[in-house]
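Working notes, beginning with the structure itself.
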Number of protein chains: 2
Amino acid sequence: MRLAPDELHRTADERLRRDGQRYTAGRRALVQALGSSDRPVTMAELLDCADGLAQSSAYRNLAVLEEAGVVHRLLTGDDTARYELAEDLTGHHHHLVCTRCGAVLDVEVPAELEAAIGRLAASIGSEAGFRVDGHRLDLVGRCGGCRAVADA
Amino acid sequence: MRLAPDELHRTADERLRRDGQRYTAGRRALVQALGSSDRPVTMAELLDCADGLAQSSAYRNLAVLEEAGVVHRLLTGDDTARYELAEDLTGHHHHLVCTRCGAVLDVEVPAELEAAIGRLAASIGSEAGFRVDGHRLDLVGRCGGCRAVADA
DNA sequence: CTTCCTGCAAAAGTTTTGCATTAAC
DNA sequence: GTTAATGCAAAACTTTTGCAGGAAG
């Protein structure tokens, strides 16, 4: 499920307005960059695309976009945050994470497994007094380029 | 699967020695603290237990312990790392994560689901050129205390 | 007596904030 | 006009590192 670009921008605009926020050029550039990537991207990558946008504005805008439900921030282990579009804009998916170089790839898993995880989440959550709203599944290992490389 | 405390310390000692490292009082205190918690703990919590240990030493020791395969460092979303014993010392498990207060709880999931995830990981990994070594599953939501609280 | 560990203080890296200016509506 | 967004610089925060002294084997 990938939205058409204009659909994406229209939705982002809508959700920001709902929060009393404006869909400015800088925000548009961030959404554009996120929408054209097939994996979560780092701040450095975003700043390359969102030409001229100050880093502080990028952080602020990403926070606003996350608050509005357009963007999702994630930590995958290499201590630098990555950003992707919110799940309802990209479709539910999970991540392959390389423990050596930090690369992150999107993957989809069979609906059947998703359903099993969902059922589990509900039952485990209620046992622990949690209201479970979702889940994250990361498959961690070594990417193609890092498979051959020794560690130390 | 929870090791007896003496078994735990013996194993930690062994693994450090294998790396040419010593199992000092400070390291022992960290392992002790991790071993007596039923969930991943933050640096602040560790420093409370490991009485008098300098923060820099704690970070260094945790890195050494991770390298030796005794400790595992994880990021759950609230930007401060948490630490737990390595999986083979605690048993494979996953986490319930509260998106409001950051609380993290250990949970175990049925072997059947683990097996399904494992099979999936292998097949998805090979498709993407990854060698998948393991997986993380976080169930995210609101803990008991935060369920009632409104957001803004 | 050699190697490793420790604490302190300083540095590094990422993310956040204050403030004056500019742009959106 | 009024409110919100931007850029810059400075601050905050977590984590890492340099170095001199101390402990372990």
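Letters A, B, ... mirror the listed sequences (proteins, then strands); counts begin at 1.
- Going from atom CG of A:Asp78 over to atom C1' of D:dT15 covers 14 Å, rounded to whole Å.
- With salt bridges taken as basic N to acidic carboxylate O contacts below 4.0 Å, one links B:Glu45 and B:Arg39.
- With rounding to whole Å, A:Leu62 atom CG is found 10 Å from C:dT16 atom P.
- No N or O donor and acceptor, one from the side chain of B:Thr80 and one from the base of D:dC13, sit under 3.5 Å apart.
- Between the side chain of B:Thr24 and the base of C:dC4, no donor-acceptor pair of N or O atoms lies under 3.5 Å.
- A straight line from CG of A:Leu47 to C1' of D:dT6 spans 14 Å, rounded to a whole angstrom.
- For C:dT15, one of the phosphate oxygens OP1 or OP2 lies less than 4.0 angstrom from a side-chain nitrogen or oxygen of A:Tyr59.
- Atom CG in B:Asp79 sits roughly 13 Å away from atom P in C:dT14 (whole-Å rounding).
- Nucleotide C:dT14 holds its C1' atom 14 Å from the CZ atom of A:Arg82, rounded to whole Å.
- Applying the 4.0 Å criterion to OP1 and OP2 of C:dG7, one finds that B:Ser57 has a side-chain N or O inside that range.
- Salt-bridge check for B:Arg10 with B:Glu14: passed, with a basic side-chain N closer than 4.0 Å to an acidic carboxylate O.
- Both B:Ser56 and A:Arg27 sit near DNA chain D, but only A:Arg27 has its closest nucleotide nearer the 5' end.
- Nucleic acid contact class of B:Ala63 (heavy atoms, under 4.0 Å, all strands): none.
- Between the base of D:dG25 and the side chain of B:Arg17 there is no donor-acceptor pair shorter than 3.5 Å.
- Straight-line distance from the CZ atom of B:Arg73 to the C1' atom of D:dT15: 8 Å, rounded to whole Å.
- Among B:Leu8, B:Val70, B:Thr90, B:Leu46, the one residue that satisfies the side-chain contact (heavy atoms from CB on, under 4.5 Å) test with B:Leu34 is B:Leu46.
- Residue B:Arg60 places none of its side-chain N or O atoms closer than 4.0 Å to OP1 or OP2 of D:dT16.
- Proximity of A:Asn61 to the phosphate of D:dT6: a side-chain N or O atom is located under 4.0 Å from OP1 or OP2.
- Distance B:Leu16 CG to D:dA24 P: 15 Å, rounded to the nearest Å.
- Ring pair B:His135/B:His92: centre-to-centre distance below 6.0 Å.
- Using a 4.0 Å cut-off between charged side-chain N and carboxylate O, A:Arg17 and A:Asp13 make a salt bridge.
- In the interface, the side chain of B:Arg22 is paired with the base of C:dT3 through a donor and an acceptor atom under 3.5 Å apart.
- With the nearest nucleotide of DNA chain D identified for both B:Gln55 and A:Val64, A:Val64 has the one nearer the 5' end.
- Neither OP1 nor OP2 of D:dA4 sits under 4.0 Å from any side-chain N or O of A:Gln21.
- We find that CG of B:Asp13 is positioned 15 Å from C1' of C:dC4, with the value rounded to whole Å.
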